[in-house]
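Just so you know, these numbers come straight off a predicted model, no measurement behind them.
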Amino acid sequence: MFTYLYHSNICDFAPVEENGSIIAIDLKPDKLKKDAVIKETRLIREASRQIFEYFDQNRVKFDLPIDFCGTEFQEKVWRELMNIPYGQTRSYGDIAKNIGSPKAARAVGMANNKNPLPIIIPCHRVIGANGKLVGYAPGLDIKEKLLNIEKSFGKDTGNIIQ
């Protein structure tokens with residue numbers, strides 16, 4: 001397992017690679033994974049490049065080999081999050097309905113909290129039923145910045161990578 005720390009004006013982040021896939025994106029990493037080797041591999045460099053392009057409004061989709069491990073329910077939620085279009089939001093209840101568990105909004109929130117690949121699996125696009133920003137493990141300040149990046153999309157963005 002490898003990881004490397006990057007700094008940006010949005011947030012610090014550390015992609016984690018294992019077996020040729022990105023398995024995590026640690027946002028606000030105060031401590032890098034203990035069992036990971038700190039090394040900027042080719043894949044970690046590519047992941048960081050794509051994240052920086054996203055921060056700069058030059059990328060709306062990620063093209064990286066990813067692998068995540070969670071419960072069946074968590075993985076169902078994470079896959080549904082990947083269906084939320086760039087620049088749009090959904091409520092926890094919307095996600096629960098979309099996965100066929102309409103009464104599981106709180107469980108969706110817990111699955112969001114365990115999302116190992118924030119930004120790539122866009123859990124920041126999930127908001128409260130009242131439209132307010134709630135529940136983002138790396139911090140609501142980062143969630144707001146990510147949503148603002150997407151909200152202002154199209155304003156002087158140059159070459160967009162989709």
Side-chain angles (χ1 to χ4, degrees), residues 1-4 6 10-11 13-29 33 35-36 41-55 57-140 142-151 153 160-162:
M1 183 180 330
F2 301 98
T3 190
Y4 197 79
Y6 297 90
I10 305 297
C11 65
F13 65 95
V16 181
E17 175 188 349
E18 186 173 60
N19 298 324
S21 293
I22 298 297
I23 63 164
I25 303 291
D26 291 333
L27 300 183
K28 281 190 160 178
K33 293 208 181 289
D35 52 347
T41 66
R42 186 177 305 176
L43 180 55
I44 286 175
R45 190 175 311 114
E46 176 61 19
S48 71
R49 184 182 68 78
Q50 290 188 28
I51 291 169
F52 279 117
E53 287 175 347
Y54 168 83
F55 289 164
Q57 296 181 315
N58 291 322
R59 175 172 293 276
V60 298
K61 291 184 180 180
F62 294 90
D63 182 23
L64 296 165
I66 62 171
D67 193 16
F68 46 82
C69 183
T71 66
E72 184 179 337
F73 182 81
Q74 288 170 334
E75 291 186 14
K76 194 179 212 183
V77 169
W78 299 337
R79 284 181 185 16
E80 183 60 29
L81 296 179
M82 294 175 80
N83 292 327
I84 303 172
Y86 182 96
Q88 295 184 23
T89 58
R90 300 289 184 271
S91 72
Y92 295 95
D94 292 335
I95 300 300
K97 287 176 198 163
N98 289 350
I99 64 168
S101 301
K103 296 183 187 242
R106 287 186 187 195
V108 165
M110 293 305 296
N112 270 10
N113 183 265
K114 300 294 183 189
N115 175 8
L117 293 159
I119 300 175
I120 294 173
I121 299 176
C123 56
H124 62 278
R125 294 179 188 156
V126 183
I127 59 174
N130 60 3
K132 295 199 177 190
L133 300 186
V134 294
Y136 194 62
L140 291 179
I142 294 174
K143 183 174 190 164
E144 184 174 20
K145 288 176 185 178
L146 297 175
L147 290 173
N148 283 337
I149 286 169
E150 296 184 17
K151 182 178 172 183
F153 176 72
I160 306 304
I161 301 167
Q162 295 196 31

**Request:** Show your reasoning for whether side chain to side chain contact (heavy atoms under 4.5 Å, CB included) applies to Ile66 and Met82.
**Result:** CA-CA 12 Å; Ile66 62 171; Met82 294 175 80; 4.0 Å; yes
Heavy-atom closest contact ([X] atom, [Y] atom, distance):
| X | Y | result |
| --- | --- | --- |
| Gln50 | Asp63 | OE1-N, 2.8 Å |
| Ile44 | Pro15 | CD1-O, 3.9 Å |
| Arg45 | Ser48 | O-OG, 2.8 Å |
| Cys11 | Leu27 | SG-CD2, 3.9 Å |

Return the [atom1] to [atom2] distance between [X] and [Y], rounded to the nearest 0.5 Å.
| X | Y | atom1 | atom2 | value |
| --- | --- | --- | --- | --- |
| His124 | Asn148 | NE2 | CG | 10.5 Å |
| Leu64 | Ile120 | CG | CD1 | 5.0 Å |
| Glu75 | Cys69 | CD | SG | 6.0 Å |
| Met1 | Ile23 | CE | CD1 | 4.5 Å |
| Lys97 | Glu80 | NZ | CD | 12.5 Å |
| Ile149 | Tyr86 | CD1 | OH | 7.0 Å |

**Message:** Using the salt bridge (Lys or Arg N to Asp or Glu O under 4.0 Å) criterion, which residues pair with Arg79? Sequence neighbours excluded.
**Reply:** none
**Fill in**
Residue set satisfying salt bridge (Lys or Arg N to Asp or Glu O under 4.0 Å) with Glu46, at least two apart, ordered chain then number -> Arg49
**Prompt:** Just wondering, more than 12 heavy atoms not from Lys145 lying within 6.0 Å of its NZ?
**Reply:** yes
**Message:** Would you say that more than 12 heavy atoms from the other residues, nucleotides or ligands in this model lie under 6.0 Å from the CZ of Phe62, or not?
**Reply:** yes
Identify all side-chain donor-acceptor contacts of residues 101-119 below 3.5 Å with residues at least two apart in sequence or on another chain.
unit_1	atom_1	unit_2	atom_2	d
Asn115	OD1	Leu117	N	2.8
Asn115	ND2	Ile121	O	2.8

**Message:** Main chain of Val126, side chain of Thr89: is a donor-acceptor contact present, judged purely on distance under 3.5 Å?
**Reply:** no
**Prompt:** Going by the side-chain hydrogen bond (donor to acceptor under 3.5 Å, both in side chains) test, which pairs reach into residues 14-25, not counting sequence neighbours?
**Reply:** Glu17-Thr41
**Request:** For Ile51 and Tyr6, run side chain to side chain contact (heavy atoms under 4.5 Å, CB included): C-alpha distance rounded to whole Å, both residues' side-chain angles, the deciding distance at 0.1 Å, then the answer.
**Result:** CA-CA 10 Å; Ile51 291 169; Tyr6 297 90; over 6 Å; no
**Prompt:** So, do Leu146 and Phe55 sit near enough that their side-chain heavy atoms are less than 4.5 Å apart?
**Reply:** yes
**Item:** Sequence neighbours excluded - salt bridge (charged side-chain N to carboxylate O under 4.0 Å, His left out) pairs with any residue from residues 125-139
**Value:** Arg125-Glu150
**Message:** Given Cys123, which partner from the list Val77, Leu81, Ile95 fulfils the side-chain contact (heavy atoms from CB on, under 4.5 Å) test?
**Reply:** Leu81
**Message:** The criterion is side-chain contact (heavy atoms from CB on, under 4.5 Å); which residues satisfy it with Leu140, sequence neighbours excluded?
**Reply:** Leu133, Tyr136, Lys143
**Complete:** Taken in chain and number order and not counting sequence neighbours, the residues that satisfy side-chain contact (heavy atoms from CB on, under 4.5 Å) with Ser91 are Asp94
**Message:** For Glu72, give me all partners under side-chain hydrogen bond (donor to acceptor under 3.5 Å, both in side chains), at least two apart in sequence or on another chain.
**Reply:** none
**Request:** Only counting residues at least two apart or in another chain, list the ones meeting ring-ring contact (aromatic ring centres under 6.0 Å, His included) with Phe52.
**Result:** Phe13
